[in-house]
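Working notes, beginning with the structure itself.
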Number of protein chains: 2
Amino acid sequence: MSKLQHLKERAFQNPEVRHEYDALAEEFEFIDTLLKMRTAAGLTQDELARRMGTQKSNISRLEKGGTNPSWGTLKRYAHACGFELSIDFHGA
Amino acid sequence: MSKLQHLKERAFQNPEVRHEYDALAEEFEFIDTLLKMRTAAGLTQDELARRMGTQKSNISRLEKGGTNPSWGTLKRYAHACGFELSIDFHGA
DNA sequence: TTGATTGTTATCATATGGGATAACTTTTAG
DNA sequence: CTAAAAGTTATCCCATATGATAACAATCAA
């Protein structure tokens, strides 16, 4: 195992660290999903914004993370990219 | 085809009607997902509310629909039920 | 029936999501 | 290099999601 791996494991012993890490990982994945949709649709932020009836700055804000978008906003984002969105839950 | 089916098809010619219908269907499915999580966890609204650090009245409001909850709220709901939540998109 | 549990509704206060605008930085094409 | 396109950041404003409390209705067991 690499030294880095070792440090990581040690750090993960701390629940605070672990939780923070997981939260970040989730957010990355979340943003990645948005970006995948937009790039799959071949749209710029500006074009997407227009389709959603909003401004590119707001799209950027969304895609930079750190916010807590509503389900409605996410659906509109998806629709503007030509997709449907669904939630599903799975055992923790 | 039943008379009812026939009426339905006629009504669906109207895009307004169609859209409204789809929106309702989506919301039903959405609420159903929430309910499925809570019942799977065997929780009452009150118990769930306590786990989420809120009130049962707010849970009821959520589950009655007509609102536009944030992604964060949905995740907290799921977590309180012992689930993880994920979004995925699929071709319209 | 009656009481307890569960869910609903109404209402208020507050935090924040999201719209709008403008200036700025980064990236890309010529 | 330079101009245009794409993305970012800051700010203001408003609508509304959500917390809190309380009274009410519905369900269910004893």
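Residue numbering restarts at 1 for every chain, and letters A, B, ... go by the order of the sequence lines.
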Ring pair (Phe, Tyr, Trp, His ring centres under 6.0 Å) partners for A/F28, two or more places apart:
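Once residues adjacent in sequence are excluded, A/F28 has no partner under the ring pair (Phe, Tyr, Trp, His ring centres under 6.0 Å) criterion.
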
Contacts of B/R51 that satisfy side chain to side chain contact (heavy atoms under 4.5 Å, CB included) - sequence neighbours left out
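B/R51: side chain to side chain contact (heavy atoms under 4.5 Å, CB included) contacts with B/L43, B/A80.
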
Output all residues satisfying side chain to side chain contact (heavy atoms under 4.5 Å, CB included) with B/D22, sequence neighbours left out; order by chain, then residue number.
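B/D22 satisfies side chain to side chain contact (heavy atoms under 4.5 Å, CB included) with B/R18 once adjacent residues are dropped.
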
[X] [atom1] to [N] [atom2]: how many Å, rounded?
X	N	atom1	atom2	value
B/Y77	D/dA17	OH	P	17 Å
A/L48	D/dG7	CG	C1'	13 Å
B/D46	C/dT8	CG	P	13 Å

For [X], all residues meeting side-chain hydrogen bond (donor to acceptor under 3.5 Å, both in side chains), sequence neighbours excluded:
X	value
A/T67	none
A/E26	B/K75
A/R61	A/N58
B/E84	B/H79

Kindly list each side-chain donor-acceptor pair under 3.5 angstrom involving residues 85-92 of chain B, sequence neighbours excluded, with atom names and distances?
| unit_1 | atom_1 | unit_2 | atom_2 | d |
| --- | --- | --- | --- | --- |
| B/S86 | OG | A/D88 | OD1 | 3.2 |
| B/D88 | OD1 | A/S86 | OG | 3.2 |

Please list all pairs meeting ring-ring contact (aromatic ring centres under 6.0 Å, His included) that have one or both residues in residues 37-59 of chain A, counting only residues at least two apart or in different chains.
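Listed once each, the pairs would be none.
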
Would you name the heavy atoms of B/L35 and B/Y77 that are closest together and state the gap between them?
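Nearest pair, atom of B/L35 first, then B/Y77: N-OH, 4.2 Å.
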
Between residues 22-40 of chain B and DNA chain D, which residues have a heavy-atom gap below 4.0 Å?
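None - not one residue of the stretch has a heavy atom sitting under 4.0 Å from the strand.
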
Counting just side-chain N and O atoms, does A/S60 come under 4.0 Å of either OP1 or OP2 of D/dG7?
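Answer is no, no contact under 4.0 Å.
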
B/S/- contact track for nucleotides 12-30 of chain C, protein heavy atom under 4.0 Å
-----SBBBBB--------

Each nucleotide of nucleotides 25-30 of chain D classed B (base within 4.0 Å of a protein heavy atom), S (only sugar-phosphate) or -, in 5' to 3' order, makes ------

